[in-house]
Amino acid sequence: MTRLAPRVAASRVFAAIAIAWSALAAAHADWPMFGWNVERSSAPEVPMGIAEGDLPALQRQQVRIDGTVDASAIYLHGVTVAGATHDVFFVTTTYGKTIAIDADRGTVLWEFTPPSYERVKGTYRITNATPVADPGGEAIYAASPDGVIRRLAVADGRVEWSTSITRLPEREKIASPLAFFGGRVIATTGGYIGDRSPYQGHVAILDAKSGALLHVWNALCSNRHELIDPSTCAESGAAIWGRAGAVIDARTGNLFVATGNARWNGAEHWGDAVLELDRDAMNMLGNYTPTNTEELDATDEDLGSSSPVLAGGAYVVQGGKDGMLRVLDWRRMAGTVAHRGGESSRVRTPGAARLFTAPVVWHRAGAIWIVVATSGGTSAWTLDGDTLRPQWQNARAGTSPVLADDLLYVYDPGGGLRVYGAESGRLLADLECGSGHWNSPIVVDGRIALPEGNANDHATSGVLDIWRAARH
């Protein structure tokens, strides 16, 4: 029998231990924010525990909750709630209740109700924001229709701080998911259906520990770096309301946002634009608006009906209500000088439909995949230089898709969660569930969580669907 030298034997033992620990760590994961990471890729780079062979045996539980979640859930593994360890889904309802749900049993562990709840329930004042988790696993951050962001203790839902990010919550809506980066919480605002003025699309950055409002960037009157009464700006609009909200470059912390209908003058008014801001939202680093920006504004064709997509390298992809996907070489959009037009290429969205969803960005075998779902269908492209090359498409509708373990999950708001082979587009499963609106799934730790229901129904009850692989 061949004997190993002690040093070699030890190194192999340590390597085996490291592999074992890596496998153990990979067996569990979190989904701490909308899109899984700050880039909002919606394509986790770690195993999420559901393979194609698990699909036929998935078991669905319908969890009844006190509100409609017209957004997504987040998930934390192995956190302490009421003195015990739990795997937990967290959701925020349209009228601002934030609920912690045991991922194994579907029981409600705690429920936070904002003081404004009785005043706003049943009214137009809603939120579609997904909460975000603190990296320490001890707190989450959630929005409510009173315009307030709150830090809630994971252990019991207790409020640790609350900060308003608007001076006019009756007009300024928190529609997009919250983000967390570098010890800060990032939120954006838009307007309610009907675009009743005045309102101001703006970015708010809060200190995660204290709740202090650190910085504000206004899409209109952008020379004013403060939280303003929107009636004091001569222009109204420029909502930042895309399903991914603020998208963050993880290398730099810079923020990318897209705005909706409003005046654009390339100076202090930035309607229908894509913008890069520094991590403090104090300085503009890049900008773009289409050549027909006035037409977009006049015809309610918001460029910012979706959020910027960081497609890899120098490229940003931006969709809008006009049914176009624009590929932007961001090197050509850098600086404070106004950039009007100059996109590198364009393709139609699936079915040429308005884009209200957040695409998937998937890095696979050296290729960059962009997967988009609309009311007109679902399509996959790969990015070839500055051009999107079609890979597959279908006519099945969907909200914001997610991709995990080579499986693509697309929720049809008419009812049903479809699972495709991500590379082939082949339909593998059609999971039964109810109808909805902007809701989208997460896939994590051998479970799928998907809220049902439409915020525009103004309901005060709803359902969270949880599917579990057989081992759960």
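Only this structure's heavy atoms are used, side chains among them; waters, hydrogens and symmetry mates stay out. For clarity, every value in this text was computed on a predicted model and none was experimentally measured.
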Going by the side-chain contact (heavy atoms from CB on, under 4.5 Å) test, name the single residue among D297, T291, N292 that passes it with E295. N292
Testing V216, L213, V185, L255 one by one against I205 for a side-chain contact (heavy atoms from CB on, under 4.5 Å), which residue passes? L255
How about [X] and [Y]: do any of their side-chain heavy atoms sit closer than 4.5 Å?
{"X": "E111", "Y": "K97", "result": "yes"}
{"X": "I248", "Y": "E39", "result": "no"}
{"X": "K173", "Y": "N128", "result": "yes"}
{"X": "H225", "Y": "M282", "result": "yes"}
{"X": "R40", "Y": "M33", "result": "yes"}
{"X": "Y409", "Y": "L450", "result": "no"}
{"X": "N261", "Y": "D300", "result": "yes"}
{"X": "V132", "Y": "I74", "result": "no"}

Restricting to ring-ring contact (aromatic ring centres under 6.0 Å, His included), what partner residues turn up for [X], sequence neighbours left out?
{"X": "W369", "answer": "W362"}
{"X": "Y95", "answer": "none"}
{"X": "F256", "answer": "W330"}
{"X": "H77", "answer": "H28"}

Regarding S144 and R150, do their side chains bring together a donor and an acceptor under 3.5 Å, going by distance alone? yes
Please confirm whether the backbone N or O of [Y] pairs with a side-chain atom of [X], one donor and one acceptor, at under 3.5 Å?
{"X": "D302", "Y": "G320", "value": "no"}
{"X": "W217", "Y": "N283", "value": "no"}
{"X": "H437", "Y": "A455", "value": "no"}
{"X": "Q61", "Y": "L464", "value": "no"}
{"X": "W36", "Y": "D30", "value": "yes"}
{"X": "S307", "Y": "G245", "value": "yes"}

Quick one: pull up [atom1] in [X] and [atom2] in [Y] and give me the separation to the nearest 0.5 Å.
{"X": "F89", "Y": "D102", "atom1": "CZ", "atom2": "CG", "answer": "9.5 Å"}
{"X": "L152", "Y": "I140", "atom1": "CG", "atom2": "CD1", "answer": "5.0 Å"}
{"X": "R151", "Y": "D207", "atom1": "CZ", "atom2": "CG", "answer": "9.5 Å"}
{"X": "L325", "Y": "W381", "atom1": "CG", "atom2": "CH2", "answer": "5.0 Å"}
{"X": "R263", "Y": "E294", "atom1": "CZ", "atom2": "CD", "answer": "9.5 Å"}
{"X": "R332", "Y": "E343", "atom1": "CZ", "atom2": "CD", "answer": "8.5 Å"}

Could you walk me through whether T98 and T92 satisfy the side chain to side chain donor-acceptor pair (under 3.5 Å) test, starting with their C-alpha distance in whole Å, then the side-chain angles of each, then the deciding distance to 0.1 Å, before giving a yes or no? CA-CA 4 Å; T98 296; T92 296; 3.0 Å; yes
Is it true that [X] and [Y] have a side-chain N and a carboxylate O under 4.0 angstrom from each other?
{"X": "E235", "Y": "R224", "value": "no"}
{"X": "R184", "Y": "D280", "value": "yes"}
{"X": "R396", "Y": "D412", "value": "no"}

With side-chain contact (heavy atoms from CB on, under 4.5 Å) as the criterion, how do R158 and F112 come out once you've worked through the C-alpha distance, each side chain's angles and the decisive distance to 0.1 Å? CA-CA 8 Å; R158 174 175 46 88; F112 164 75; over 6 Å; no
Can W264 and W270 be said to form a side-chain contact (heavy atoms from CB on, under 4.5 Å), step by step? CA-CA 5 Å; W264 179 92; W270 300 95; 3.5 Å; yes
Quick check on [X]: does its [atom1] atom have over 12 non-hydrogen neighbours (other residues, nucleotides or ligands) under 6.0 Å away?
{"X": "Q393", "atom1": "CD", "value": "no"}
{"X": "R340", "atom1": "CZ", "value": "yes"}
{"X": "E138", "atom1": "CD", "value": "no"}
{"X": "Q62", "atom1": "CD", "value": "yes"}

Who pairs with [X] by salt bridge (charged side-chain N to carboxylate O under 4.0 Å, His left out), at least two apart in sequence or on another chain?
{"X": "D229", "value": "none"}
{"X": "R119", "value": "none"}
{"X": "D329", "value": "R331"}

Please name the residue in the list Q200, E172, R171 that meets the side chain to side chain donor-acceptor pair (under 3.5 Å) test with T166. E172
Smallest separation among heavy atoms of D146 and P169, with atom names: O-CB, 3.5 Å
Measure across S440 and P451 and return the closest heavy-atom pair with its distance rounded to 0.1 Å. O-CD, 3.8 Å
Pair D249-R251, salt bridge (Lys or Arg N to Asp or Glu O under 4.0 Å): steps then yes or no: CA-CA 5 Å; D249 184 337; R251 300 166 302 169; 2.9 Å; yes
Apply side-chain contact (heavy atoms from CB on, under 4.5 Å) to the pair F34 and S176, showing each step before the final yes or no. CA-CA 9 Å; F34 179 92; S176 301; over 6 Å; no
For C433, what residues pass the disulfide bond (SG atoms under 2.5 Å apart) criterion, not counting sequence neighbours? none
Check side-chain contact (heavy atoms from CB on, under 4.5 Å) between V79 and all other residues, then give those that pass, not counting sequence neighbours. L76, V81, V88, V154
Once side-chain contact (heavy atoms from CB on, under 4.5 Å) is applied, do any residues pair with L285, and if so which ones, sequence neighbours excluded? N254, E276, D278
ring-ring contact (aromatic ring centres under 6.0 Å, His included) pairs, two or more places apart, involving residues 285-316: none
Could you name each residue pair satisfying ring-ring contact (aromatic ring centres under 6.0 Å, His included) that touches residues 172-214, not counting sequence neighbours? Y124-Y192, Y141-F180
